[in-house]
Structure formats: structure tokens, C-alpha cells
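These notes concern the structure reproduced below.
A, B, ... follow the sequence lines: proteins, then strands. Residue 1 opens every chain.
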Number of protein chains: 2
Amino acid sequence: MDELTERQKLILTLVVRDYIEIAQPVGSNRLIERYKLEMSSATIRNEMAVLTEAGYLRQPHTSAGRVPTEEGYRYFVTHFVYQTDLPDATRHTITHQFYQARQDVEQWMHLAASILAHQSRAASLITAPHADLARYKHLELISTQGRQVLMVLVLVGGEVSQQILTLAEPVSQEQLGNVANRLNQVCQGRTTDEMASLSLGAEAVEKDILVLVMQDMSRGEQRLSGEIYLDGLSNVLSEPEFIESDDARRAIRLFEERSLLHNLLARTMVNSHVGGVQVLIGGEGEWEELRQCSVVLARYGIPGTATGALGVFGPMRMSYARTIPTVRFMADLLSGLVSETMVGDET
Amino acid sequence: MDELTERQKLILTLVVRDYIEIAQPVGSNRLIERYKLEMSSATIRNEMAVLTEAGYLRQPHTSAGRVPTEEGYRYFVTHFVYQTDLPDATRHTITHQFYQARQDVEQWMHLAASILAHQSRAASLITAPHADLARYKHLELISTQGRQVLMVLVLVGGEVSQQILTLAEPVSQEQLGNVANRLNQVCQGRTTDEMASLSLGAEAVEKDILVLVMQDMSRGEQRLSGEIYLDGLSNVLSEPEFIESDDARRAIRLFEERSLLHNLLARTMVNSHVGGVQVLIGGEGEWEELRQCSVVLARYGIPGTATGALGVFGPMRMSYARTIPTVRFMADLLSGLVSETMVGDET
DNA sequence: ATTTAGCACTCTATGAGTGAGAGTGCTAAA
DNA sequence: TTTAGCACTCTCACTCATAGAGTGCTAAAT
């Protein structure tokens with residue numbers, strides 16, 4: 001496809017904007033009336049014919065207006081809204097909300113999901129920041145009952161995982177404390193690989209625990225991240241193209257089927273640098289489940305320390321002009337929070 | 001309302017069963033054909049008229065079959081399915097699945113939500129077991145960067161909460177360790193009330209931390225429970241009465257609005273003893289958001305130590321015969337797990 | 001005293017037919 | 001190159017008629 005004329009670009013953007021707003025095919029007359037254009041409807045029709053030929057627009061049927069194709073949305077996104085920034089006022093409001101909730105990573109996640117959903121009027125998803133390579137920081141063993149022990153493992157970066165272990169035989173709290181202390185001294189800051197080559201005292205319990213710790217660490221590395229925080233699903237469901245349609249259910253299922261979501265987020269983690277916003281329109285052929293939907297995704301955090309992904313999910317008709325800047329801003333904001341609280345670790 | 005005759009009961013159950021299955025008004029002829037009844041359609045019609053008069057059935061319009069009213073469902077539930085048990089095979093399958101995932105409370109929750117959703121073919125919700133009165137068990141302080149400290153607080157019962165603190169001035173890891181050790185000795189097994197009257201060493205940091213710990217504990221007591229695990233929403237959305245209807249969105253919103261869910265679960269926590277299954281049909285007048293829906297709820301756990309709530313949410317037309325026994329069984333199962341791993345705590 | 005057959009009646013769902021309206025593409029003039 | 005004019009197409013909303021399902025009532029049968 002070669003370049004479009006200025007007028008064609010104008011008409012394309014107007015069609016996309018209008019369709020995003022009203023969810024109905026856009027006709028030539030409608031366009032003139034709404035935007036007070038200085039040309040006749042016939043001219044618009046000619047240009048629309050060109051844009052249709054070029055694959056940016058589509059006619060549901062002969063006597064209907066035009067609807068953007070996936071390529072149309074794509075053109076719109078890359079040429080017109082990608083560089084847009086969020087209004088200062090909005091930025092400040094959001095920043096302020098985060099300032100009030102700086103205690104707790106889990107709270108950030110909920111807040112971020114909520115803000116994303118509200119700003120974009122669509123569904124949002126976000127994973128907690130997660131280290132690519134787990135490094136041991138601190139272990140705590142707490143006996144609960146008989147052979148059962150609660151293990152609390154803290155990783156460099158602040159992730160905490162807890163697990164209930166069942167040992168081969170009962171061990172006293174004192175002994176557990178000793179084991180934890182020794183491991184804490186030896187393993188400080190190490191990765192699983194480094195820990196595998198350590199030589200330890202001959203005590204059986206100690207070795208068992210170490211193995212369990214390493215298992216836990218590598219399990220954590222493999223999964224992209226545990227919880228995925230969601231919000232705003234009902235926004236998506238009330239969009240007209242989802243009412244009565246089967247796609248709604250497919251979309252919801254996508255959100256429940258963690259593995260699909262993980263794939264989706266993993267794609268972002270691989271393809272993109274931190275701060276870059278990816279826009280996936282209508283599944284792009286790859287994702288059958290996303291046929292009518294678009295996803296705006298970004299990675300956040302500090303590569304090498306802890307990163308996560310966040311994004312917005314909605315109908316292909318979503319307001320990219322609002323969503324893309326919001327996603328970018330939230331990614332930056334969270335990157336900042338991660339670096340504030342999680343970096344630096346020379347005890 | 002006085003007692004129904006046996007035949008009336010029979011017809012009522014058949015109407016409810018059939019309507020639950022096919023989601024369409026049930027007529028007299030249909031009933032005879034499907035269930036090979038030894039009477040004429042006229043007899044059925046007479047009985048139906050009685051049941052309608054008594055408020056158990058309803059006619060959408062003059063020439064339609066009958067549909068159960070809320071009272072009809074209620075009668076059906078209390079008289080016919082309430083005492084039903086889950087088939088042995090199913091019980092074993094479920095128990096087995098839990099046996100494989102006994103490491104981790106979070107995994108239980110996911111598993112329980114998934115099983116509930118699958119068995120009932122509706123949406124499920126469950127909260128983690130939670131102590132009514134928080135008792136201190138163990139504190140760990142880990143310095144991360146500058147004045148920031150990761151606090152990991154373990155409560156009797158196994159709950160773990162983590163939080164990032166910002167201290168007034170930097171404190172070394174060694175010093176933090178000492179503070180934690182002292183508090184661990186003094187506070188062992190105590191409630192916030194008991195901790196409030198403790199006299200401590202004069203060290204400022206120690207007092208500050210203690211206050212933060214107590215804040216965290218009482219915050220935990222207040223909220224019913226942090227996370228609510230959900231699953232199976234798409235099951236509900238594909239039910240015919242939710243297609244195209246506004247109620248679907250209202251239901252989804254209910255699930256997103258945590259406070260509503262909390263209220264719902266709180267109701268169960270207050271009204272019911274552990275193991276008792278509560279059935280809320282069509283909102284019962286109280287819950288506007290649940291107009292077309294029913295909720296089956298139960299409390300599980302060990303009162304005084306840790307309890308939680310679990311339940312199933314679906315259309316009023318849900319299969320109570322499957323759902324109620326499942327909810328009861330899951331509540332018992334989880335109670336067992338709670339007592340196995342969380343009770344007993346004389347370190 | 002019940003139960004049932006028969007029948008008139010009511011209401012919905014379905015499909016055909018129709019006209020209005022929106023929007024197009026094409027042609028020819030500006 | 002743009003625009004006015006116009007014939008054409010397709011959808012949508014509306015009406016109307018009909019088939020069918022299901023009822024309630026009455027009178028006969030058990």
C-alpha cells in the first residue's frame with residue numbers, strides 16, 4: 001500500500017473516530033454534517049471508495065456506511081494516536097492516588113487495575129512485578145503442628161512465597177530456626193544454579209529444605225506471575241457488539257482461562273521493551289479468541305530486577321486515543337514505583 | 001399455606017426440574033410425555049391451577065405453561081434436594097484432587113473455586129480461611145533499601161501478611177533482627193488487645209514497629225478476607241436468561257464490586273453455623289442486584305481458629321440438586337483441611 | 001367425588017409483504 | 001478535479017395473517 005493523501009487520512013480518522021463513538025456504519029452525509037466538512041458527499045464517497053479498495057474500510061452491505069477494518073484501526077493507531085499523551089490533570093490525579101497507597105504491592109495492583117479499567121472504560125489486566133531470575137534473600141521456617149512447617153521465602157526484589165511443608169519426621173522450632181539461619185547465611189543473594197553447587201553440612205533436614213526452597217524458586221521463575229489482577233469486565237460486556245453475541249462469552253472465558261492470559265502477557269514480555277506499548281487488534285490472525293477484540297499491552301518494571309505486564313482489553317472499537325496513553329503512563333508510573341521500593345539490596 | 005398433596009408435590013418438582021433443564025415454561029402435555037405420567041393433562045392442569053393459586057407457580061401469559069416462582073424454588077429446595085448427598089464417586093474424585101494439591105492454601109482456593117464452578121456449572125466464589133481474632137505468631141523484618149523495610153507477619157492459623165514500611169530513619173538489618181526477636185518472644189500468641197498493654201524496652205524503633213504490627217493485625221480482622229477467588233463466570237453468562245439481558249451485566253458488576261460480595265459473604269458468616277448451607281433465591285427482596293439470581297453459600301473452617309465462606313452464584317434456574325450437595329461437601333472438605341494444617345499451635 | 005374428554009378461547013411466535021429511508025456508485029456537468 | 005443528480009440496493013420497522021401451544025371450563029365417565 002502506498003501513502004494516503006491528506007484528505008484520505010482525514011476521512012479515515014473521522015470514520016474511525018465516529019465508528020468508535022457510535023458503533024454504527026458511518027455514511028458520507030453523516031460525516032459532513034457532524035464535522036462541517038467543506039466538500040460534498042460525493043467527494044467523500046469517492047475517497048471512501050479508495051480507502052475501501054486499499055483495505056482500510058469495509059461495507060457491511062451495499063447500502064450501508066463504512067466500518068474500519070483491522071488495517072483501518074491499525075493505521076489510525078500508528079499514525080494518529082500513538083504519540084498522544086495523557087492530560088496533565090489526569091496524570092496528577094492518578095499519581096496522587098498512588099501516593100496514598102504506597103504501602104503494599106497488592107494494593108498497587110488493585111489500584112492500577114481499577115484506574116486502567118476506569119480510564120479506558122474497558123477491562124484491565126495486570127500482573128505483579130516479578131523477577132526474571134529468582135535470588136534468595138531470606139527464609140523463615142515456622143512449625144505449625146507435628147511434621148508440618150510453614151515456609152516463608154523472601155526473594156531479592158521483595159516477592160514473598162509461602163508454602164506448607166510436611167517433613168519426614170517432626171522437627172523442633174529451635175532446630176528449624178537453626179536450619180533457617182544457616183541457609184540464610186549461605187544462600188544470601190544466590191540463584192538456584194548457584195545454590196545447586198553449594199556444599200552443606202551433612203544434616204538431612206537441611207538438605208531437604210534446601211531442595212524445597214530451590215523447587216519453589218524455579219517454580220516461581222517459570223510461571224510468568226501468580227495472580228493476574230482484573231477489573232472492568234462489565235465495561236466490555238455493555239458494549240453493543242457484545243450484547244447477545246457469542247463473542248462476549250468467548251471473551252469472558254479468555255479471562256478465566258489463565259493459560260490464555262498468560263500467553264497473551266508472555267507475548268508482551270518477550271516482544272517489547274519496557275515502556276513500549278503494544279497494540280493487538282482483532283487477534284491479528286493469531287488469536288482466534290480475540291476476533292472482535294483488541295488488547296493494549298505494556299511491560300513495566302526494571303529488566304533484570306522485576307518486571308510485570310499490564311494492559312487493557314476491549315472491543316476492537318475501543319477508544320485507543322484514551323487507552324494507549326493511559327497504558328503508557330501507568331507502565332511508567334509503576335516502573336517508577338518498582339525502582340523506588342525494590343531496587344537496591346546490599347543489606 | 002397448608003400442606004400439598006403428594007400428587008401436587010410430584011407435579012411441582014417435575015415442573016421445577018423441567019424448567020431448570022430447558023428454561024422454558026412447562027405445559028401439562030409436555031409433562032405427561034416426558035415423564036410418562038398415569039393421568040390426563042386435564043388433571044395436571046387442575047393441580048397446576050392449585051399450585052399457581054398457592055403461589056408456587058406462575059404463568060408468563062395466559063396461553064403459556066408454568067414457571068416456578070421464588071416460593072416454588074424454595075419449596076423444591078427445602079423439601080426435595082436439601083438432604084441429597086453427592087455421589088460417592090464424585091466425592092472421591094474431588095478428595096483426590098485436593099490430596100494432590102495440599103501444599104498451599106492459595107492452591108486450595110483456586111482448586112475449590114474451579115471444582116465448585118465445574119460441578120455446579122455456574123460461577124463460584126470462595127474466601128481464604130481467616131481468623132476471627134488475629135493472634136501474633138511470628139514477625140520478620142527485612143531491610144530492602146535505605147529506610148524501607150519489608151515486614152512479614154505470620155499469624156496463628158497460618159495467615160501471612162506482608163507490607164513495605166518506611167521508617168523514620170535507616171536501621172541496620174542486625175538491629176531489625178534484634179527488634180524482631182524481642183517482639184517474637186514477647187508477643188507470641190497474643191491478640192492486639194493483649195499486646196496493647198505490654199510494656200516494652202524504651203527503644204523507639206521497637207515501639208513503632210509494634211504499632212504497625214497491631215495496625216496490620218486489626219486491619220486483617222476487620223476485612224472479612226482479602227482475596228475472593230472466583231471462577232466459572234462464563235457458565236452463568238451462557239445461560240439463556242442472561243443472553244441479551246441487562247441482568248447479566250448487573251451480575252458481573254456484582255462480582256467486580258468487592259463490597260457487595262463482601263456483604264453477601266458476611267451475611268453467611270453471621271447467619272449460619274459451619275456446615276450449614278444457605279440458599280438465597282432471587283435476592284429474597286433484599287438484594288436488588290440478585291433479582292434473577294440465586295446464591296448457595298456455606299461457611300467452612302473452625303470457628304475460633306479460622307473460617308471462610310464459599311458459594312455458588314447462578315441464575316435462579318440453577319441446578320440446586322447438583323449445587324447444594326457440592327457446596328456442602330466442599331465446605332466439609334475444606335473444614336477438614338483447615339483443621340489438619342492450621343490447628344494445633346503450642347510451639 | 002374425582003378424573004377425563006372435548007372444546008372454545010387466548011396469546012405468542014413466525015413469516016410474508018410493504019414502504020420508508022439511508023447510503024451507495026455512476027454519469028455527466030461545472 | 002469536484003459536484004449535482006439519479007437510479008439502484010439493501011435494511012429496518014411495521015402490519016397482518018396464521019399456526020400452534022396451552023389454558024380453563026363444562027359435561028360426561030368412572
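Atom P of nucleotide dC26(C) and atom CZ of Arg45(A) are separated by 11 Å, given to the nearest angstrom. Distance CZ (Arg7(B)) to C1' (dT4(C)): 11 Å, rounded to an integer number of Å. dG22(D) atom C1' lies 15 Å from atom CG of Asp18(B), rounded to whole Å. Computed from coordinates, the Arg30(B) CZ to dG22(D) C1' distance equals 13 Å when rounded to whole Å. When rounded to the nearest whole Å, the span between CG of Leu57(B) and C1' of dT23(D) equals 14 Å. Taking atom NE2 of His61(B) as the reference point, atom C1' of dA13(C) lies 9 Å away to the nearest angstrom. Distance CD (Gln8(A)) to P (dT1(D)): 12 Å, rounded to an integer number of Å. Rounded to an integer number of Å, the gap from CG of Leu31(B) to C1' of dA21(D) is 15 Å.
Side-chain contact check for Val16(A) versus Leu14(A): every heavy-atom pair is 4.5 Å or farther apart.
Nucleotide dA28(C) forms a pair with dT3(D), judged by Watson-Crick or G-U wobble geometry with both contacts under 3.5 Å. dT18(D) is paired with dA13(C) under the criterion used here, namely a Watson-Crick or G-U wobble arrangement in which both key atom distances are under 3.5 Å.
Judged by distance alone with a 3.5 Å cut-off, no donor-acceptor contact links the side chain of Thr62(A) to the base of dC10(D).
The side chain of Gln59(A) places no N or O atom within less than 4.0 Å of a non-bridging phosphate oxygen (OP1 or OP2) of dT9(D). Note on Arg66(B): a side-chain N or O is less than 4.0 Å away from OP1 or OP2 of dG24(D). Listed pair Ser40(A) / dT2(D) fails the phosphate criterion, with no side-chain N or O lying under 4.0 Å from OP1 or OP2.
A donor-acceptor contact under 3.5 angstrom links the side chains of Tyr320(A) and Ser294(A), judged on distance only.
Classification of the Phe80(A)-Phe76(A) ring pair by plane angle, with boundaries at 30° and 60°, yields tilted.
Between Leu12(A) and Leu51(A), the closest heavy-atom pair is N-CD1, 4.0 Å.
Ser28(A) comes within 4.0 angstrom of sugar-phosphate atoms only, judged by non-hydrogen atoms across all strands, and of no base. Counting non-hydrogen atoms under 4.0 angstrom, Asn46(A) reaches a base of the nucleic acid.
For Ser63(A), counting side-chain heavy atoms from C-beta on, the closest listed nucleotide (dT2(D), dA4(D), dA22(C)) is dA22(C).
In this structure, CG on Asp18(B) lies 10.0 Å from CD on Gln24(B), to the nearest 0.5 angstrom.
Each of Ala64(A) and Ser41(B) was assigned the nucleotide of DNA chain C with the nearest heavy atom; the assignment lying further toward the 5' end belongs to Ser41(B).
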